[in-house]
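Treat the numbers as computed from the prediction; the structure is a model and nothing was measured. Within every chain, numbering begins at 1; the chains are lettered A, B, ... in the order of the sequence lines, protein sequences first and strands thereafter.
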Amino acid sequence: MLHLRVAEPMRECEYSQISTRSSTPMETPYKKRTPKRRKWQAFPGRNKFYCNGRIMMARQTGVFYLTLVLILVTSGLFFAFDCPFLSLQLTPAIPVIGGVLFVFVLGTLFRTSFSDPGVLPRATPDEAADLERQIDVANGSSSGYRPPPRTREVVINGQTVKLKYCFTCKIFRPPRASHCSLCDNCVERFDHHCPWVGNCVGKRNYRFFYMFILSLSCLTIFIFAFVITHVILRSHRYGFLNTLKDSPASVLEVVVCFFSVWSIVGLSGFHTYLISSNQTTNEDIKGSWSSKRGKGNYNPYSYGNIFTNCCAALCGPLPPSLIDRRGFVQSDTPHPIPPTNGTTMYGSTQSQSHMAAATPLLQSEPVILTDEAFLPGRTSLGGSCSGALPLGGHPTPPTSTPNLSCDNDMLPLRNEQSDGLRHHHTDGCHHHFLTPEEAPSPPGMLPCVSPLGHSHTIQGFYNPASQDSLHEDSVRGLVKLSSV
Amino acid sequence: LPPQFHNLQELRQSPSLATKVFIQRDYSEGTVCRFQTKFPSELGSRIERMLFEDTVKTLNTYYAEAEKVGGQSYMEGCLACATAYFIFLCMETRYEKVLKKISGYIQEQNEKIYAPRGLLLTDPVERGMRVIEVSVFEDRGSSGSSPSSNVSSGISQR
């Protein structure tokens with residue numbers, strides 16, 4: 001794979017080496033033969049996709065089906081058993097209003113469950129390398145394998161906010177973003193992961209979630225009230241026991257609604273409070289803007305008054321999805337010359353600028369390895385988990401605890417049952433299923449996958465065999481040395 | 001600067017990419033989409049400061065327009081809510097419309113200003129709205145200074 005044409009000037013030699021790693025005429029025919037894949041098929045997070053990428057959910061969807069069944073069965077029983085009597089005795093508006101509420105509940109539920117909550121795509125290798133460089137420069141030459149915690153401070157509306165670095169996604173998280181350990185994604189304006197809707201709740205689907213729980217509260221109260229009315233009216237006429245005999249479903253409906261009312265209405269009230277103060281569940285639980293933290297602590301995102309906060313959350317613009325699920329994977333984007341990157345890494349990791357020493361090669365190599373090891377969709381090094389993880393040697397303490405945020409409705413999910421629907425896991429990303437107690441984004445998360453034979457053109461930069469790239473790195477380094 | 005690349009197409013296919021410069025987000029005004037207007041030193045020799053800052057400022061204006069919480073966004077939000085959000089299945093949101101405008105603007109800027117100077121802007125939406133990626137291509141006509149020394153000198157200036 002190396003083309004060491006020594007007769008040409010050294011600069012030419014470097015570029016011909018680069019061309020082996022990017023798409024060359026030799027490699028392009030190979031790439032053209034591989035079928036075009038959609039980006040959702042190469043998605044690095046732990047999500048499930050349906051309908052060719054149009055629908056996106058979390059991995060565990062069992063509780064979502066429970067929610068759906070509860071709503072459908074209870075409403076169905078209401079329309080079948082209670083509505084005929086009520087529409088005759090009282091008014092036909094009852095089933096109509098019930099029907100409208102029911103459609104609204106299902107519509108908002110599907111919107112919440114199936115849409116992208118605001119997932120931040122992971123950094124491209126170039127971005128990640130650039131960030132690494134900046135961090136190394138900021139920290140001076142990093143001594144050994146314990147890098148300082150990576151944070152950036154930014155002042156927002158007079159309040160100092162810390163931006164944390166996500167080791168999984170290799171980005172500095174924007175303010176209010178958080179990494180969901182269940183879905184293994186960074187989500188913008190992360191609220192919580194809701195198993196009842198089978199998805200994270202974030203910037204893009206928070207309003208749908210809120211309208212869902214609000215309309216579900218209304219529907220629950222509506223059904224509860226009118227089933228009770230039905231039972232009372234019928235009991236006046238036919239007696240209580242006869243009523244129960246004629247309409248046994250009513251008992252079930254009352255029981256379901258009674259328990260639902262307390263939880264759903266409570267949740268609606270809680271989220272109404274959150275919206276009016278422009279906080280997320282995550283922030284509220286952590287007490288980020290609580291005055292207990294300090295006198296000068298306030299929420300920099302709040303608009304000041306309740307009405308504006310509500311309008312901004314519910315009627316603000318809806319940003320589009322950043323992950324482009326149905327787009328096709330591009331494999332021919334050129335990427336910067338590795339020796340240049342290598343050079344800059346040399347320059348930044350070493351105080352001395354000359355490259356004659358052999359140690360720069362060794363120090364920068366693990367960095368390259370780590371980048372490659374975390375490339376989504378790519379095999380890890382020959383199946384064995386990457387041993388050299390200088391960046392991840394000592395992870396920072398869990399930056400966020402998204403699992404805590406869903407304590408409203410979090411059930412311990414351990415079941416791995418497959419639902420009958422077709423789902424696609426991303427290739428090469430069979431992470432260990434992290435229990436919620438584990439760190440959200442452990443850099444030492446070892447993608448111990450078996451090498452996959454196909455499609456490493458996901459990022460399009462690297463050859464399938466990582467061993468070759470290792471050899472290339474070392475030879476490139478040697479060539480660099482000789483060129484000085 | 002003598003124009004090295006007349007054709008944007010040629011730039012896109014050229015493998016002689018020297019480096020990439022990333023313009024990061026500016027979060028000082030909260031979570032609204034804004035990019036830092038600070039001129040990166042790596043581009044110092046390739047493009048005039050004013051031109052670059054104009055581009056970034058125009059992009060920031062576009063994003064502010066997309067994310068404005070005002071009359072039109074309220075109407076869109078209320079209408080969508082009234083239809084149980086089914087209307088999103090057939091209607092394009094205002095944000096999406098502005099993003100299309102932005103990508104047209106970036107294409108135009110690339111053709112007119114950046115490609116002739118051996119640079120290429122990548123639409124931030126393709127990078128998760130995190131960065132404006134500026135690809136710096138190897139200046140074939142230049143002699144002496146290699147891109148690696150440019151970048152490392154850029155780093156030391158940070």
Heavy-atom proximity to chain B below 4.5 Å, by part of [X]:
{"X": "A:Val154", "answer": "side chain"}
{"X": "A:Pro300", "answer": "neither"}
{"X": "A:Arg207", "answer": "both"}

Starting at [atom1] of [X], measure out to [atom2] of [Y] and round the result to the nearest 0.5 Å.
{"X": "A:Lys203", "Y": "B:Thr31", "atom1": "NZ", "atom2": "OG1", "result": "6.0 Å"}
{"X": "B:Glu29", "Y": "A:Asn157", "atom1": "CD", "atom2": "CG", "result": "8.0 Å"}
{"X": "B:Thr19", "Y": "A:Asp130", "atom1": "OG1", "atom2": "CG", "result": "7.5 Å"}
{"X": "B:Tyr27", "Y": "A:Arg152", "atom1": "OH", "atom2": "CZ", "result": "9.0 Å"}
{"X": "B:Met75", "Y": "A:Cys315", "atom1": "CE", "atom2": "SG", "result": "11.5 Å"}
{"X": "A:Phe110", "Y": "B:Phe86", "atom1": "CZ", "atom2": "CZ", "result": "8.5 Å"}

### Message
Please classify the contact of B:Leu79 with chain A as side chain, backbone, both or neither, using a heavy-atom distance under 4.5 Å.
### Response
neither

#### Entry: Contact origin within B:Ala66 toward chain A - heavy atom pairs under 4.5 Å
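Just its backbone gets close to chain A.
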
For the [atom1] atom on [X], are there more than 12 heavy atoms of other groups (residues, nucleotides or ligands in this structure) within a distance under 6.0 Å?
{"X": "B:Glu53", "atom1": "CD", "answer": "yes"}
{"X": "B:Lys97", "atom1": "NZ", "answer": "yes"}
{"X": "A:Lys39", "atom1": "NZ", "answer": "yes"}
{"X": "B:Met91", "atom1": "CE", "answer": "yes"}

Below 4.5 Å, heavy-atom pairs only: which of [options] has the largest tally toward chain B?
{"options": "A:Ala312, A:Cys311, A:Gly327", "answer": "A:Cys311"}
{"options": "A:Ile323, A:Leu163, A:Leu318", "answer": "A:Leu318"}
{"options": "A:Ser215, A:Pro174, A:Gly107, A:Ser321", "answer": "A:Pro174"}

Is [Y] close to [X] at the side-chain level, that is, under 4.5 Å between some pair of heavy atoms?
{"X": "A:Leu314", "Y": "B:Cys81", "answer": "no"}
{"X": "B:Val131", "Y": "A:Glu127", "answer": "yes"}
{"X": "A:Thr124", "Y": "B:Glu126", "answer": "no"}
{"X": "B:Phe22", "Y": "A:Leu131", "answer": "no"}
{"X": "B:Thr93", "Y": "A:Pro320", "answer": "no"}

### Message
If the condition is ring-ring contact (aromatic ring centres under 6.0 Å, His included), which residues does B:Tyr62 pass it with, not counting sequence neighbours?
### Response
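So B:Tyr62 forms a ring-ring contact (aromatic ring centres under 6.0 Å, His included) with B:Tyr105.
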
#### Entry: Counterpart residues, ring-ring contact (aromatic ring centres under 6.0 Å, His included), relative to A:Tyr298 (two or more places apart)
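For A:Tyr298, no residue satisfies ring-ring contact (aromatic ring centres under 6.0 Å, His included) once neighbours in sequence are set aside.
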
### Query
B:Tyr85 vs A:Phe104 aromatic rings, parallel, tilted or perpendicular, using cut-offs 30° and 60°?
tilted

### Task
Apply the side chain to side chain contact (heavy atoms under 4.5 Å, CB included) test between A:Leu322 and each candidate in B:Arg127, B:Arg130, B:Met129; give the one that qualifies.
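The option that passes is B:Met129.
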
### side chain to side chain contact (heavy atoms under 4.5 Å, CB included) evaluation trace for A:Phe172 with B:Gln24
CA-CA 10 Å; A:Phe172 275 98; B:Gln24 300 283 343; over 6 Å; no

### Summary
Of B:Gln72, B:Arg94, B:Glu67, the largest count of non-hydrogen pairs under 4.5 angstrom with chain A goes to B:Glu67

